[in-house]
Protein chains: 2
Amino acid sequence: MPVRRQARGERRIGDILDATLALFAELGYDRTSTNAIAARAGMSPGSLYQYFPNKEAIAEALSQRLLDQLRAAHAAAFDQASAASLPLPELVSRVVDPLVAFNVANPGAKTLFGTAAMPAALSAGSRPLHDAVTGRVAALIRARFPGLPDPDVNRAAMVAVQIVAALMGPIVAAEGRERAALVAELKRALVGYLAGSGGSDPAA
Amino acid sequence: MPVRRQARGERRIGDILDATLALFAELGYDRTSTNAIAARAGMSPGSLYQYFPNKEAIAEALSQRLLDQLRAAHAAAFDQASAASLPLPELVSRVVDPLVAFNVANPGAKTLFGTAAMPAALSAGSRPLHDAVTGRVAALIRARFPGLPDPDVNRAAMVAVQIVAALMGPIVAAEGRERAALVAELKRALVGYLAGSGGSDPAA
DNA sequence: CGAAAATACGAGCGATCGATCGTGTTATCG
DNA sequence: CGATAACACGATCGATCGCTCGTATTTTCG
């Protein structure tokens, strides 16, 4: 049942998602209470539930908003043409750098990027984001290694995404030189991994 | 205040840790209730709290038990001699294979291996395990790359451990052929990463 | 044996959680 | 304007959480 939103309502939804992202970054999903979200967003619990039916829906909406932002910030990095022709380190940099910037700007995004075997509730909310990113990476790998069978492509994309996700926490937590060093390590790991990804490398 | 444990008590403690490990594997730390632990261990909540002052202490004890088991299962893999002389893929295999076997045998171990920026409660309980493993990996890397400065050694160890931890979830969740394929990918990723770890590789 | 210590139980405490609801306020529109 | 719908509030609900406590049973040991 759709509701005619007023401008004020749209603003409030944004406030809720902002508060949720901040609290997820500090406490994670389980330890973030809906009352705390409402308080940080400057509203009552009742108002919060005017816009979302339950906690999971908030996580889903936040996941969707992050996905949209990521898509916008990442548009250029995922075109197939450069995927096939660029040197591998350059290609990895083009994908990783915006991703790092995004996560630094949005700490707490990683909470919505839960790895695997999580409680179904959060897993369901974060799967769209996770799947979308993995899918884009798979497309990139497929474009670069045209001979690679689909199962191998998907597995390589999953592994690459897991590696990035695993190191994003420490990267976001670090600062300055140490962060730069960790990003360099992440790129080295990805290049080292992908360089040996079966099939021929068009730009090796 | 130490307590003279009877044989029955030691057995009960083992039951509690077994139940906790199983529940952590299914639900994670937050969603595992102490009452559920007691129920699965076949005792009342009161009995559970006869052996542990609180939930965090249970996680710590479990973490310690896992660490001991891991040490036993891993003794041979971490000697310095082979670290310097073995071919890198062989060395990686010797470390990774027992680790995979251990995690397959103890699903839920990964719950105690929380990455970073987790709620302090769980983080404190799992840090010993995490630090011990990272320290052993660091010693291995230091033995293999004698010229590498300490900060670089520690960073590389941390990155390697994060990569292993990130892929352990999918590996444990998979079975048969797919699991073997994922393990192979993990090894490739580690070898690719470590092969380029500055300094000279004694056995390159 | 008998006393002390360890083990066992489970109803229930206080706190907190996600979510509801009755009531009042503000915006939209004919 | 008046009417309707969207927005806002916060006390409070029922459920669940980590944990306690009074009491009963079993083991240890002199």
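Just so we're on the same page: letters track the sequence lines, and every chain starts at 1. Just so you know, these numbers come straight off a predicted model, no measurement behind them.
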Next item on the list: Could you check B/Lys55 against A/Arg8 and say which one's nearest nucleotide on DNA chain D is further toward the 5' end?
Entry: A/Arg8

Notebook entry, point to check: Are any side-chain N or O atoms of A/Asn106 and backbone N or O atoms of A/Ala109, one a donor and one an acceptor, separated by less than 3.5 Å?
Noted result: no

Check: Do any pairs count as a salt bridge (Lys or Arg N to Asp or Glu O under 4.0 Å) and have a residue in residues 174-185 of chain B, sequence neighbours left out, and if so which ones?
Finding: A/Arg155-B/Glu178, B/Glu185-B/Arg188

Check: To the nearest 0.5 Å, how far apart are CG in A/Leu190 and CG in A/Leu88?
Finding: 9.0 Å

Notebook entry, point to check: If you look at every strand shown and take non-hydrogen atoms under 4.0 Å, does B/Ser33 touch a base, only sugar-phosphate, or nothing?
Noted result: sugar-phosphate

Nucleotide [N], atom [atom2] - distance to [atom1] of [X] in whole Å:
X	N	atom1	atom2	answer
A/Ile16	D/dC7	CD1	P	11 Å
A/Asp30	D/dC17	CG	P	11 Å
A/Ile37	C/dG18	CD1	C1'	10 Å
A/Gln6	C/dC29	CD	C1'	12 Å

Is the phosphate of [N] approached by [X] (side-chain N or O, under 4.0 Å from OP1 or OP2)?
X	N	answer
A/Arg31	C/dC17	no
B/Arg4	D/dC29	yes
B/Arg5	C/dA5	no
A/Arg12	D/dC9	yes

Checklist line | Side-chain ion pair, B/Asp18 and B/Arg40, N-O less than 4.0 Å | finding: no

Margin query: Are A/Tyr29 and A/Phe24 an aromatic pair, judged by ring center distance below 6.0 Å?
Written below: yes

Check: Does anything in residues 44-52 of chain A reach DNA chain D, meaning a heavy atom under 4.0 Å, and if so which residues?
Finding: A/Ser44, A/Pro45, A/Gly46, A/Ser47, A/Gln50, A/Tyr51

Check: Under the side-chain contact (heavy atoms from CB on, under 4.5 Å) test, which residues partner B/Arg71, sequence neighbours left out?
Finding: B/Gln64, B/Leu67, B/Asp68, B/Arg136

Next item on the list: Can you check whether any acceptor in the base of D/dC17 is under 3.5 Å from a donor in the side chain of B/Asn35, or vice versa?
Entry: no

